[in-house]
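Lettering of chains follows the sequences in order, A, B, ..., and the numbering in each one begins at 1.
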2 protein chains.
Amino acid sequence: MTTIPSVPKHEWLRATLMDDIRGLPPHAPLPTERNLSDTYNVSRDTVRKALDWLHTSGAIYRVQGAGTFVAGMTITKTLSLSSFTRDMIDRGMEPSSKLLAMDRRAAGRVIGEQLGVAESDEVVRVTRVRLANARPICLETTHIVGALVPGLMDADLTESLYAILDTRYSLRVMRAEQIVTAVAVSEIEAALLAIPTHSAAMHVHRIGMDERDSPIESTTTIYRGDMYDLRFAVHRH
Amino acid sequence: MTTIPSVPKHEWLRATLMDDIRGLPPHAPLPTERNLSDTYNVSRDTVRKALDWLHTSGAIYRVQGAGTFVAGMTITKTLSLSSFTRDMIDRGMEPSSKLLAMDRRAAGRVIGEQLGVAESDEVVRVTRVRLANARPICLETTHIVGALVPGLMDADLTESLYAILDTRYSLRVMRAEQIVTAVAVSEIEAALLAIPTHSAAMHVHRIGMDERDSPIESTTTIYRGDMYDLRFAVHRH
DNA sequence: AAGTGGTCTAGACCACAGA
DNA sequence: CTGTGGTCTAGACCACTTT
C-alpha cells in the first residue's frame with residue numbers, strides 16, 4: 001500500500017474507493033466502515049469523511065443498520081468548479097479555443113460591481129469560441145480585474161485561462177456563483193456557433209473568487225442547446 | 001439556550017449560525033472554532049460539521065491561520081433537492097398548480113427503464129401547469145411507479161406531490177439525478193405557458209429515488225426561460 | 001442479539017497567518 | 001511567537017436493520 005505524501009488521508013481514501021466502486025455493480029455492498037478503518041489503518045472518522053464525499057457525489061448510498069452500497073449511478077457528479085478545458089476532457093472530448101477578441105477597457109458599472117472595482121478601473125476582456133472535437137460548443141466572454149493580470153495580453157489564450165491564471169499569477173478560483181438561464185441566441189451568436197438565429201441556448205453567468213472571497217473574473221457563456229447539458233446529483237440535506 | 005430534541009447538534013448549530021450570519025456584513029469574522037465549541041458546549045468536531053455545511057453552501061469562507069468569515073454572498077444556495085412548492089416559497093413567491101391530465105398507463109420502454117420496472121407495468125402520469133404568483137412558470141409531467149401509490153388518482157394534485165407521497169405513502173425522495181438542457185418550446189407548450197412558439201426554455205429531467213436508491217418518480221419540467229433561473233455556488237474540492 | 005451506520009467527544013499534531 | 005483552521009485518532013453511545 002503506497003500512500004502519496006502531502007495528500008490528506010481521506011482524500012486519498014476517497015479516490016481509492018472511487019476506483020473500487022467503478023468495478024462493482026449497482027447495489028453491491030461496500031465493506032463496513034469499521035472494516036475499511038482496519039484495512040487502511042485509519043480511524044473510522046477518516047473513513048466517514050471519504051464516504052461522506054462519495055455520498056454527496058451520488059456514488060454510494062447508505063442505509064442505517066444495513067450498510068453502504070454502490071449507487072445505481074448513471075450520474076456520479078456533483079456540480080463542481082471546473083474549467084471548460086477540464087469539463088470537456090471529463091466528457092471524453094478534446095477541447096480547443098479560438099480567440100475572437102481581447103482588449104483592456106474600463107470596467108463600467110455592471111462589471112465593476114460584479115468584480116468589486118470602480119467603474120473606471122481597467123479590466124481585461126477576452127472573448128473566445130470554445131470547441132469540443134473541433135465543433136463549436138459555446139461562446140465565452142471573460143472579464144478579469146486588470147490589476148491582477150499584468151501582461152496577460154501577451155499570453156496564449158488558446159489554452160486554459162484558469163491554468164494561465166494559476167501558473168502565471170497564482171490566482172486560483174476556489175469558489176464561484178453561477179446563474180443559469182435559457183435564452184434564444186442573437187444573429188451574431190448564432191453565426192459564431194454555426195446554428196440558426198433564435199436557437200435555444202444555455203446562458204451561464206459565473207463570478208469566480210479566490211480563497212479569500214475576492215472576485216477574480218466574471219464570465220458569460222452561451223452554450224449550444226443541442227450540444228451541451230448540465231448533469232448532477234442532488235440530495236436531501 | 002433551548003435545544004430542540006431529536007435533531008443532531010450539528011444541524012441545530014448550523015441553523016443557529018446561519019441566522020447569525022444573516023445579520024452580519026460580508027467578510028465579518030465568525031467566532032473561532034474553539035470559541036464556538038465552548039459557547040455551545042459541543043466538541044470542535046461538531047462545530048466543524050456545521051461550518052463544513054455552511055462552507056459548501058457558500059455562506060462562509062475559511063482562511064487557514066486567519067479565521068472564518070462571512071462570504072460576500074449574493075447566492076448562498078447549493079443546488080439541493082426541493083420540490084417546486086418549496087422552491088417558489090424560497091424565492092418569495094406563492095406557488096399554485098393547475099392539473100391538466102392524470103391517468104394510469106403502461107410504463108413503456110423509456111420510462112420503464114428509468115423507473116426500473118417492466119414496459120407493461122403500470123405508472124401514474126400527472127401533467128400540471130405550475131404557477132408562481134398566479135403566472136405560469138413551468139409545465140411538469142411526472143411518472144410514478146403505479147404499485148407504489150394505490151389510490152393516488154383520488155388525491156388533490158393542486159398541492160405538493162412530494163408532500164402527498166410522503167404523508168400518504170411514506171415515500172420520500174432522498175436523492176435525484178438531473179439533466180438540464182436548453183430547448184425551444186413547441187406550439188402546445190407555448191400555449192400552455194402563455195409564451196410565443198419556439199421561445200427558449202429550460203428543460204429539466206429528474207429521476208427521484210428513495211433512501212435505498214429505488215426510483216420513485218421520473219419528472220420532465222419545461223421552465224419559461226424568462227421567468228426562471230438556476231442559481232448556485234460551486235467550490236473547488 | 002449482533003452488526004450496521006449516525007452522532008459526539010477530548011485530545012493531539014500540523015501548516016499557516018499575523019503581530 | 002501565538003492563534004487559527006486542517007487533519008486524525010480511539011473510544012463511546014445511539015438508532016436502526018437483519019438474523
Side-chain angles (χ1 to χ4, degrees), chain A residues 3-17 27-56 59-71 170 172 174-175 210-214 235-237, chain B residues 3-17 27-56 59-71 170 172 174-175 210-214 235-237:
Chain A
T3 159
I4 299 154
S6 86
V7 171
K9 286 187 184 179
H10 70 265
E11 281 186 26
W12 175 82
L13 182 57
R14 174 220 296 174
T16 303
L17 292 175
H27 309 293
L30 264 63
T32 68
E33 295 180 352
R34 290 166 180 80
N35 193 325
L36 289 169
S37 172
D38 288 347
T39 305
Y40 294 103
N41 286 307
V42 296
S43 75
R44 193 178 152 219
D45 232 45
T46 302
V47 170
R48 293 200 107 246
K49 275 205 189 75
L51 291 179
D52 282 348
W53 195 92
L54 293 171
H55 181 231
T56 306
I60 61 172
Y61 64 94
R62 311 204 256 202
V63 181
Q64 183 171 136
T68 306
F69 307 89
V70 178
S170 297
R172 289 192 306 162
M174 295 301 288
R175 178 178 160 245
D210 66 12
E211 74 282 352
R212 299 181 104 98
D213 222 41
S214 303
H235 295 264
R236 182 100 81 187
H237 279 198
Chain B
T3 158
I4 299 153
S6 86
V7 171
K9 287 187 183 179
H10 70 265
E11 281 186 27
W12 174 83
L13 181 56
R14 175 220 296 175
T16 303
L17 292 175
H27 308 294
L30 264 64
T32 68
E33 295 180 352
R34 290 168 180 81
N35 193 325
L36 289 169
S37 171
D38 287 347
T39 305
Y40 295 102
N41 287 307
V42 296
S43 74
R44 193 178 153 217
D45 232 44
T46 302
V47 170
R48 293 201 108 244
K49 276 204 188 74
L51 291 179
D52 282 348
W53 195 93
L54 293 172
H55 181 231
T56 306
I60 61 172
Y61 63 95
R62 312 204 256 202
V63 180
Q64 183 169 139
T68 305
F69 307 89
V70 178
S170 297
R172 288 192 306 161
M174 295 303 287
R175 179 180 158 241
D210 66 12
E211 74 282 352
R212 299 183 105 98
D213 222 41
S214 302
H235 295 264
R236 181 103 78 187
H237 278 199

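The side chain to side chain contact (heavy atoms under 4.5 Å, CB included) search around Ala15(B) returns none, not counting sequence neighbours. Under the rule for a side chain to side chain donor-acceptor pair (under 3.5 Å), Thr32(B) has no partner lying at least two apart in sequence or in another chain. Judged as a ring-ring contact (aromatic ring centres under 6.0 Å, His included), and not counting sequence neighbours, the contacts of His55(B) are His235(B). Asp52(A) meets the side chain to side chain donor-acceptor pair (under 3.5 Å) test with Arg62(A); sequence neighbours excluded. Asp38(B) meets the side chain to side chain donor-acceptor pair (under 3.5 Å) test with no other residue; sequence neighbours excluded. For Asp213(B), the side chain to side chain donor-acceptor pair (under 3.5 Å) criterion is met by Arg175(B), not counting sequence neighbours.
Contact check for Glu11(B) versus Trp53(B): no side-chain heavy atoms found under the 4.5 Å cut-off.
Judged as a salt bridge (charged side-chain N to carboxylate O under 4.0 Å, His left out), the pairs with a partner in residues 40-49 of chain B (not counting sequence neighbours) are, in order, Glu33(B)-Arg44(B), Glu33(B)-Arg48(B).
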Kindly give the atom pairs (protein nitrogen or oxygen, nucleotide nitrogen or oxygen) under 3.5 Å for nucleotides 17-19 of chain D.
unit_1  : atom_1 : unit_2    : atom_2 : d
dT18(D) : OP1    : Arg212(B) : NH2    : 2.8

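Chain B approaches DNA chain C over the interval dT7(C) to dA17(C), counting the first and last nucleotide 5' to 3' with an atom under 4.0 Å from its heavy atoms.
Along DNA chain D, the nucleotide closest to Arg34(A) and the one closest to Thr68(B) are compared, and the more 5′ of them pairs with Thr68(B).
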